[in-house]
Student: 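Input: one structure, supplied below.
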Amino acid sequence: MFGVVLGVVGVSGVSLAAYNVWDASQAIATNAVVLDEEKPLPPSLGAIEGGVNILLVGTDSCEGENEQLSGACKNHDTEGERNDVTMLVHISDEPRRVTVVSFPRDMLVPIPACDKADGSGKTSAMSSQMLNASYWYGGLGCTVDTVEALIGNEQINIDFAAAIRWTGVINVSNAIGGVDVCVAGDINDGNTGLHLTAGTHTLQGVEALQFLRIRHGIGDGSDLGRISNQQQFMSSMVRKLQSDAVLANPATLFNLATTTINQVQAGQLVLSSGLTNPTLMVQIAMAVKDVPFEDIVFVQYPTVYAPGVNGSGSSRVLPVKDAAKTLFDALAANQPINLTGKASGGNAIEVTGEAAQPVVAPTTAATDAATPPATDGGTDAATPPADETRVDLPSAITGQTAKDTTCTLPQK
């Protein structure tokens, strides 16, 4: 899912060719979802001013090609379309930092009254439902409203949003060219069909989707373990996209931009209206492309297992709002954060080392033509002010940084 944001913002490295692809695609704007409030867009191509929050949703649609990717779909054991993956990408103001907050799909939260996706009226507000029901009730806009209400911080509003289906994830991962993942032992999961031997693997296509969906066969078999597994994938992908393998390869970035457009046209990717603007894509890319690994942090919204719910034991989780408040207050104040908790809430990954920041290659004439010069007086994103101190997050918040190299643990 994080690849959607990195994919669409990565077009800034493709000079004017990719920009023109975005500009020429009318289908993107036509199929966009309009949120209640979206960040206004300045006219220049400089890095976006201020912070920005983007909600990314991965859905479990059974439509079209997606049906063959799920046993539940093939057996007609499910109905509707839910947000199986929900992540908030917070990009701070200067100095630039990126925090990705994953919200467990099984977390019981209030869902506000939402406009129905088909425009036929409003749904009733609900005091306690699984988070992944929000998309079913009211589409992308309802999930945005639900997450904003859960965060409860008036300074953190969701500016833009995107939702992608399984087939879209496959195609975007193919365009990236694969992501390296590590598994500490053999993994065999009959639910997703993923079978990996111990070691490092480069995953793309169906295997990448299986790795992002897997929970049986890793850690404690829970959705919390799956979130940690996704964080390993995203962290590795960030390192790849910041390396010469992608960001310095115009052909790869152009393919990524074109693939993203095609997913919109094929109905596999839904964007909020602001994200259809090619200028915004360049602005966001310029804000995040040089953020140091230690300031790209992946966390899980803190939870505790619920007591028996409908006799199902610990399959549902409840939000830990005090711990979450510390996180979102720090983000609102643009303070750097420090993880003190475990890498995984579901015992699914272990930290194995640290990655070195790639050396930025000198720009070429081609990229200079597409990249406006930095303005005077800006703050270097890689050098925080001397008086900044990191906020220690409560240990209830698990996660990793892009600097951490991690490995997935088989289920015991």
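Just so it is clear, the model here is predicted, and its values are computed rather than measured.
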Student: Taking Asp189 for the side chain and Leu194 for the main chain, is one N or O donor matched with an acceptor at less than 3.5 Å?
Tutor: no
Student: State the OG1-CG distance between Thr143 and Leu56, to the nearest 0.5 angstrom.
Tutor: 12.0 Å
Student: Do side-chain atoms of Lys240 reach the backbone of Gly178 as a donor and acceptor pair under 3.5 angstrom?
Tutor: yes
Student: Could you give me the CA-CA distance, side-chain angles and deciding distance for Thr401 and Glu294, then say whether side-chain hydrogen bond (donor to acceptor under 3.5 Å, both in side chains) is met?
Tutor: CA-CA 6 Å; Thr401 71; Glu294 62 264 28; over 6 Å; no
Student: Say you draw a straight line from CG of Asn174 to CD1 of Ile176; how long is it, rounded to the nearest 0.5 Å?
Tutor: 9.5 Å
Student: Donor-acceptor check, side chain of Gln210 to backbone of Thr192, threshold 3.5 angstrom: yes or no?
Tutor: yes
Student: Testing the basics here: between Ser235 and Asp404, what is the closest heavy-atom pair and its distance to 0.1 Å?
Tutor: OG-O, 3.7 Å
Student: Could you check whether any side-chain N or O of Thr398 sits under 3.5 Å from a backbone N or O of Ser344, counting only pairs where one atom can act as donor and the other as acceptor?
Tutor: no
Student: Before giving the answer on side-chain hydrogen bond (donor to acceptor under 3.5 Å, both in side chains), spell out for Gln242 and Gln357 the whole-Å C-alpha distance, their side-chain angles and the decisive distance to 0.1 Å.
Tutor: CA-CA 9 Å; Gln242 280 202 7; Gln357 192 79 28; 2.9 Å; yes
Student: Under a 3.5 Å threshold, yes or no: a donor from one side chain and an acceptor from the other, between Asp329 and Asn153?
Tutor: yes
Student: Name the one of Thr167, Thr59, Asp60 that satisfies side chain to side chain donor-acceptor pair (under 3.5 Å) with Asn66?
Tutor: Thr167
Student: At their closest point, which heavy atom of Phe211 faces which heavy atom of Gln232, and how far apart are they?
Tutor: CZ-NE2, 3.6 Å
Student: Between CG of Leu196 and NE2 of His201, what distance do you get to the nearest 0.5 Å?
Tutor: 5.0 Å
Student: With a 4.0 Å cut-off on N to O distance, would you call Arg165 and Glu81 a salt bridge?
Tutor: yes
Student: Any donor-acceptor pair under 3.5 Å linking the side chain of Thr408 with the backbone of Ile349?
Tutor: no
Student: Could you point out which residue of Asn83, Thr86, Val57 forms a side chain to side chain contact (heavy atoms under 4.5 Å, CB included) with Val147?
Tutor: Thr86
Student: Can you tell me how far CG of Asp106 sits from CG of Leu131, rounded to the nearest 0.5 angstrom?
Tutor: 9.5 Å
Student: Side chains of Val172 and Ile170: does their closest heavy-atom pair fall under 4.5 Å?
Tutor: no
Student: Which heavy-atom pair separates Ser134 from Thr146 by the least distance, and what is that distance?
Tutor: CB-OG1, 3.6 Å
Student: Report the C-alpha separation of Arg316 and Tyr305 in whole Å, then their side-chain angles, then the decisive distance to 0.1 Å, and conclude whether the side-chain contact (heavy atoms from CB on, under 4.5 Å) test is met.
Tutor: CA-CA 6 Å; Arg316 306 288 182 265; Tyr305 281 108; over 6 Å; no
Student: Taking 4.0 angstrom as the limit, do Arg390 and Asp295 come out as a salt bridge?
Tutor: yes
Student: Spell out, as yes or no, whether a donor-acceptor pair under 3.5 Å connects the side chain of Ser92 to the backbone of Pro95.
Tutor: yes
Student: Any donor-acceptor pair under 3.5 Å linking the side chain of Asn53 with the backbone of Ile156?
Tutor: no
Student: How about Val52 and His90: do any of their side-chain heavy atoms sit closer than 4.5 Å?
Tutor: no
Student: Looking at Leu318, is its backbone amide N or carbonyl O close enough to the side chain of Thr303 to form a donor-acceptor pair, meaning the two atoms are under 3.5 Å apart?
Tutor: no
Student: Strictly below 4.0 Å, N to O, side chains only: are Asp223 and Arg215 in salt-bridge contact?
Tutor: no
Student: Would you indicate whether the side-chain heavy atoms of Ser102 and Gln231 approach each other to under 4.5 Å?
Tutor: yes
Student: At their closest point, which heavy atom of Cys407 faces which heavy atom of Thr352, and how far apart are they?
Tutor: CB-CG2, 3.8 Å
Student: Looking at Cys114, is its backbone amide N or carbonyl O close enough to the side chain of Thr123 to form a donor-acceptor pair, meaning the two atoms are under 3.5 Å apart?
Tutor: yes
Student: Given side-chain contact (heavy atoms from CB on, under 4.5 Å), test Val299 with Val100 step by step and report yes or no.
Tutor: CA-CA 6 Å; Val299 297; Val100 182; over 6 Å; no
Student: If the plane angle is over 60° it's perpendicular, under 30° parallel, otherwise tilted; pick one for Phe328 and Tyr301.
Tutor: tilted
Student: I'd like to know whether Val391 forms a side-chain contact (heavy atoms from CB on, under 4.5 Å) with Thr326, so could you lay out the CA-CA distance, the side-chain angles of the two residues, the decisive distance to 0.1 Å, and finally the verdict.
Tutor: CA-CA 8 Å; Val391 174; Thr326 301; 4.2 Å; yes
Student: Considering non-hydrogen atoms only, spot the tightest contact between Glu354 and Thr405 and give its length.
Tutor: N-OG1, 3.7 Å
Student: Within a strict 4.5 Å, meaning less than it, do heavy atoms of the Gln411 and Ile218 side chains meet?
Tutor: no
Student: Side chains of Val317 and Leu108: closer than 4.5 Å at any heavy-atom pair?
Tutor: no
Student: Does Tyr137 form a side-chain contact (heavy atoms from CB on, under 4.5 Å) with Lys116? I'd like the steps, not just the answer.
Tutor: CA-CA 7 Å; Tyr137 288 125; Lys116 293 181 179 179; over 6 Å; no
Student: For the atom pair CG (Asn229) and CG (Leu409), what is the distance rounded to the nearest 0.5 Å?
Tutor: 9.5 Å
Student: Is it true that, when you exclude Gln68 itself, more than 12 heavy atoms of the residues, nucleotides or ligands shown sit nearer than 6.0 Å to its CD?
Tutor: yes
Student: Hey, is the main chain of Ala198 close enough, under 3.5 Å, to the side chain of Asp186 for a donor-acceptor pair?
Tutor: yes
Student: Side chains of Asp180 and Thr202: do they bring a donor and an acceptor to under 3.5 Å?
Tutor: yes
Student: How long is the straight-line distance from CZ of Arg105 back to CG of Leu224, given to the nearest 0.5 Å?
Tutor: 10.5 Å
Student: What are the two closest non-hydrogen atoms of Ala355 and Arg239, and how far apart are they?
Tutor: CB-CD, 3.3 Å
